[in-house]
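One is the number of the first residue; the rest follow in order along the sequence.
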Amino acid sequence: MRTVPKPATPSVLKRTAEEIVPVYHYDGRQKVIGDYLDTHPVTGLLIARGDTILFEHYRYARSDRDRLLSNSMAKTITALLVGIAASEGAIRSIDDTAATYVPELAGTEYGVTPLRALLRMSSGVAFREQTYQPDDDIINFHKALLGNNPVGAIAVLRQINTRDAPPNTRFAYASSETEVLGLVVSRAVHMPLADYLSTRIWQKLGAESDAAWAIDPTGQEVAYCCFIATLRDWARLGLMLANDGAWNGQQIVPRQWLLDATAVPQDSYLRNTIAQSWGYGYQVWLLPGERRMFLLLGISGQGLFVDPESKLIMVQTAVRKLPVGDPKSPEAMALWYAIVAQYGHR
């Protein structure tokens, strides 16, 4: 792991005098949030609005001092760093190809893919990531970075070299595409991702704890996963996103980048991705409904829900036995939409 240091002084998170008790409907009956915690393997759940914590609970002997694994919630962090690097001119255009910044990918399908397509999981390069079972490409890819005999990002990405579709025409979720973006950012800004994240986001957020990011044997951060942070610091990240990139008295992520990242046209191929009305932006899931809401999502029950209209967020870490497809997992969506309905006001 590479450390992402906290700043000298954390930003202030207030706390409501009385903890909220959301009510929601699921599986044909009315439930309260305690029912949700009792029936799901949630390690931490925090709800906040504006700058105020409304609910914060830990289970399974976790506490507010424990750092919790993001899984693919880290993908959105990588995309935020792309946006910041572009605003600083280190990345000249997201229509540049990956090989423009990572010459080792020249002559490969990923190398000729524009960054915009990679941000949207639309490279068109063949990569299977659906069940997280041994026949999925993601399993061998992950082993090549963090397994017993790892080779590192460049070596494994050069081996993924079959094209199924032109860039920017077809959505297909692939962690390998985020890994390419991570390489692009670190090369463009001439520093490790963790250091860039620390100076551009973590310090400015006023995080209260050091975070950390797993690295492969070449020292490259595993950009698609494996970022760890405390629940309240995940909440700070979410509140910054809910404020369109502004937090702790400054604009941390360019506002227009976040607006572009979290909205796609209704007739786009980026709609109806994994379910009806679900969209995909720049490494972030767009939730169904009339108002703009989005979700940082990781396997096994990790999620950071964001509603910019009301500045409301919910972050959950969990230890589901199934990485995806747990029959109970839609209950988190039911809880979130009920929270927005009951507390989604300024």
With rounding to the nearest 0.5 Å, note down the distance linking [atom1] in [X] to [atom2] in [Y].
| X | Y | atom1 | atom2 | result |
| --- | --- | --- | --- | --- |
| Ile339 | Met314 | CD1 | CE | 5.0 Å |
| Leu146 | Cys225 | CG | SG | 6.5 Å |
| Leu312 | Asp307 | CG | CG | 6.0 Å |
| Arg120 | Asn168 | CZ | CG | 6.0 Å |
| Ile313 | Ile53 | CD1 | CD1 | 8.5 Å |
| Gln203 | Ile201 | CD | CD1 | 12.0 Å |

Contact check, side chains of [X] and [Y], non-hydrogen atoms, under 4.5 Å:
| X | Y | answer |
| --- | --- | --- |
| Phe227 | Glu221 | no |
| Met240 | Val253 | yes |
| Leu287 | Met333 | yes |
| Leu231 | Arg62 | no |
| Tyr101 | Leu115 | yes |
| Ile138 | Tyr132 | yes |
| Val125 | Ile160 | yes |
| Pro150 | Asp216 | no |

- Can you tell me if CG on Asn149 sees more than 12 non-hydrogen neighbours from other groups inside 6.0 Å? no

- Message: Can you confirm whether more than 12 heavy atoms, excluding those of Arg255, are under 6.0 Å from its CZ atom?
- Response: no

Answer with yes or no whether the side chains of [Y] and [X] bring together a donor and an acceptor at under 3.5 Å.
| X | Y | value |
| --- | --- | --- |
| Ser186 | Gln220 | yes |
| Thr100 | Thr97 | yes |
| Tyr24 | Gln342 | no |
| Thr78 | Gln283 | no |

If I compare all heavy atoms of [X] with all of [Y], which pair ends up nearest, and what's the gap?
| X | Y | answer |
| --- | --- | --- |
| Val4 | Ala194 | CG2-CB, 3.8 Å |
| Ala223 | Gly182 | CB-CA, 3.7 Å |
| Asn248 | Lys204 | ND2-O, 3.0 Å |
| Leu119 | Trp257 | CD1-CH2, 3.7 Å |
| Pro22 | Ile47 | CG-CD1, 4.4 Å |

- Message: Quick one, His40 with Gln316, criterion side-chain hydrogen bond (donor to acceptor under 3.5 Å, both in side chains). Give me CA distance, side-chain angles, the key distance, then yes/no.
- Response: CA-CA 11 Å; His40 293 267; Gln316 169 183 294; over 6 Å; no

- Message: Go through it in stages, so that I can follow the logic: the residues are Arg236 and Ser11, the test is side-chain hydrogen bond (donor to acceptor under 3.5 Å, both in side chains), and I'd like the CA-CA distance, side-chain angles, deciding distance and then a yes or no.
- Response: CA-CA 8 Å; Arg236 285 178 170 90; Ser11 57; 2.9 Å; yes

- Item | Side-chain (Tyr196) to main-chain (Ala85) donor-acceptor, under 3.5 angstrom | yes

- Counting only N and O atoms by type, is there a donor-acceptor contact under 3.5 Å from the side chain of Arg65 to the main-chain atoms of Ser63? no

- Task: Can you label the angle between the Trp278 ring and the Trp285 ring as parallel, tilted or perpendicular, going by 30° and 60°?
- Result: perpendicular

- Task: May I ask you to decide if the ring planes of Tyr173 and Phe171 are parallel, tilted or perpendicular, using 30° and 60° as cut-offs?
- Result: tilted

- Show your reasoning for whether side-chain hydrogen bond (donor to acceptor under 3.5 Å, both in side chains) applies to Thr230 and Glu208. CA-CA 8 Å; Thr230 63; Glu208 65 184 69; 5.0 Å; no

- Sorted by chain and number, sequence neighbours left out, side-chain contact (heavy atoms from CB on, under 4.5 Å) with Arg187 holds for Val102, Pro103, Glu104, Ile154

- Item | Trace of the side-chain hydrogen bond (donor to acceptor under 3.5 Å, both in side chains) decision for Ser209 with Arg232 | CA-CA 9 Å; Ser209 301; Arg232 283 198 291 269; over 6 Å; no

- Message: Run the side-chain contact (heavy atoms from CB on, under 4.5 Å) test on Tyr224 and Val222 for me, step by step, so that the C-alpha distance in whole Å, both residues' side-chain angles and the decisive distance to 0.1 Å come before the verdict.
- Response: CA-CA 6 Å; Tyr224 62 88; Val222 181; 3.3 Å; yes

- Message: Whether Arg292 and Asp244 form a salt bridge (side-chain N of Lys/Arg under 4.0 Å from carboxylate O of Asp/Glu) is what I want to check.
- Response: yes

- Task: Could you give me the CA-CA distance, side-chain angles and deciding distance for Leu239 and Leu205, then say whether side-chain contact (heavy atoms from CB on, under 4.5 Å) is met?
- Result: CA-CA 10 Å; Leu239 291 168; Leu205 275 182; over 6 Å; no

- Per side-chain hydrogen bond (donor to acceptor under 3.5 Å, both in side chains), Arg128 is matched among Asn140, Asp137, Asp136 by Asp136

- Query: Which of these, Thr43, Asp38, Thr317, sits in a side-chain hydrogen bond (donor to acceptor under 3.5 Å, both in side chains) with Arg59?
  - Reply: Asp38

- Query: Is it true that Tyr36 and Tyr26 have ring centroids separated by less than 6.0 Å?
  - Reply: no

- Apply side-chain contact (heavy atoms from CB on, under 4.5 Å) to Arg116 and Tyr282, showing your working. CA-CA 8 Å; Arg116 190 185 303 274; Tyr282 293 168; 3.3 Å; yes

- Note on the structure: ring pair (Phe, Tyr, Trp, His ring centres under 6.0 Å) test vs Phe305 passes for just one of Phe294, Trp336, Trp234, namely Trp336

